[in-house]
Amino acid sequence: MQTQEKKPIATTARLQSIVDYGITLGAKAIHLEPRKGSMAIRYRVNGSLKEERHLSLSEYNALIAQIKLKSNLKITEHASAQQGIFHHSFKKNAFKVSATVLPILEGEKVVLHIQHTNPKPPTLESLGFWGQSLKTIQQTLSLHRGLIIVSGKRNTGKSATLFSMLSTLANSGLSVATIEDPVRHVIKGAHQTQVNHKNGLTTEMGLRNILLQDADAILIQPLHLKNISELIETTIQKGHLLFGSLHAVDSAEAIHHLVNSGLDKYTAAKHIQLAITHDQVRTLCNNCKQAYAPSEEEVKMLLREFSNNENLAIERLHILEMAAKDSGIAAERKLSTTYGKIEQLWKARPNGCQNCNYKGYKGSIGVFEIVQNGIELQKILLANLGRQSLRDEIKRSLALSTKQDAIVKMLRGLTSMSEVMRLQTIREQD
Ligand SMILES: [Zn+2]
């Protein structure tokens with residue numbers, strides 16, 4: 001053991017292993033910090049810094065020189081800030097590492113930011129789409145025309161859904177172009193444009209150029225209609241498939257916003273194919289989650305979300321849970337409901353376990369509201385009946401609301417009753 005530890009490790013191998021380890025941990029950044037007499041390596045994982053390794057001064061100096069060499073920085077410069085980029089590969093995946101070097105009192109501090117350069121697009125199933133919602137999206141995508149609205153609050157997974165849908169279209173041979181601010185994912189096979197106001201590259205300019213270049217599917221992210229509502233209308237009317245992403249709490253707000261900011265109501269009624277609203281719930285740790293028998297109060301609360309008639313509600317809920325299981329949502333687990341009863345609910349174990357960093361939760365999953373255009377929706381749009389009528393109609397025609405989706409996922413053991421309740425609180429504040 002002793003002899004092995006003392007064996008000098010080549011600095012290139014050391015840098016490789018430090019970055020490899022960061023990727024394994026899922027770290028966004030690696031901090032290399034000089035301390036008195038030694039150096040610490042800390043990894044930024046899920047927002048907090050974890051100290052993992054120490055190096056001697058001479059090892060550290062060699063490491064910094066190696067990082068500077070790889071990033072095309074001046075090796076002998078120790079008194080000024082420098083930044084550069086190097087490329088890294090790990091298990092056949094490519095990463096871009098941006099290195100910043102800053103002189104501090106104790107020496108030079110280096111921060112490495114790790115970015116996956118060609119991540120695989122997620123499947124819609126892995127994002128949490130299932131059953132009828134999934135089928136509706138797939139059918140609409142195959143039409144290759146109209147407007148698809150992707151909405152939700154910040155950080156609820158909109159861009160991951162777009163990444164998945166547009167990658168599928170690009171893969172199937174369609175010409176896909178985007179105009180984005182900012183570009184969030186590199187879509188293989190697509191032509192992506194970053195909005196740049198300083199250089200006059202506005203959304204309008206980008207879209208005009210895209211239209212000249214014969215694109216089949218176009219993404220505008222975010223979709224603001226200011227000054228370009230006519231251009232958007234022409235794009236849709238000409239038969240392109242247009243995706244627009246915007247911040248809105250639900251589909252009614254998103255559609256209402258578009259019509260209110262200048263999108264012609266006839267175009268909206270005829271061409272809006274689909275509105276997908278996103279929210280997110282935390283997923284329970286698979287290792288320590290707990291099933292429990294629900295209280296009467298909880299059962300009533302859940303059933304009310306589906307119907308005022310409790311018998312109908314439990315029947316519907318059971319059918320939905322079976323469909324979710326058939327769709328592969330925790331397919332290995334037995335059902336939590338029968339036609340007459342909710343048998344169990346799920347919660348996080350207090351203080352979790354080692355696997356979930358003592359949180360009880362690990363990761364998150366999307367919950368969705370999918371609205372397909374239909375006669376009733378068109379009538380409301382054409383009659384200018386306003387947001388509340390739109391919301392009422394959408395509620396009537398909806399296969400599943402985000403909260404109902406969350407309830408089904410909770411019954412399948414993916415999330416907890418308290419996460420479902422959290423969604424309700426947000427809704428009630430709307
Ligand atoms: Zn756990």
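Numbering of ligands and ligand atoms starts at 1, following listing order. Every value quoted in this text rests on a predicted model; they were computed, and no experiment measured them.
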Query raised in the report: Does Arg53 make a cation-pi contact with Tyr21 (under 6.0 Å, within 45 degrees of the axis)?
Result: yes

Requested in this report: Check which protein N, O or S atoms are less than 2.8 Å from the Zn ion (ligand 1) and report how many there are.
Outcome: 4

Query - Any pair counted as salt bridge (charged side-chain N to carboxylate O under 4.0 Å, His left out), so long as it reaches residues 109-121, sequence neighbours left out - result: Glu33-Lys109

Query raised in the report: Taking the six-membered ring where the residue is Trp, are the ring centres of Phe368 and Phe129 under 6.0 Å apart?
Result: yes

Query raised in the report: Ser418: what forms a side-chain contact (heavy atoms from CB on, under 4.5 Å) with it, not counting sequence neighbours?
Result: Tyr361, Ser416

Going by atom type alone, with no hydrogens or angles, which donor-acceptor pairs under 3.5 Å involve a side-chain atom of residues 137-149 and a protein atom two or more places apart or on another chain?
residue, atom, partner, partner atom, Å
Thr140, OG1, Thr136, O, 2.7
Ser142, OG, Gln139, O, 2.6

Query raised in the report: Does the cation-pi check pass for Arg282 over Trp346, that is, NZ or CZ under 6.0 Å from the six-membered ring centre and within 45° of its axis?
Result: no

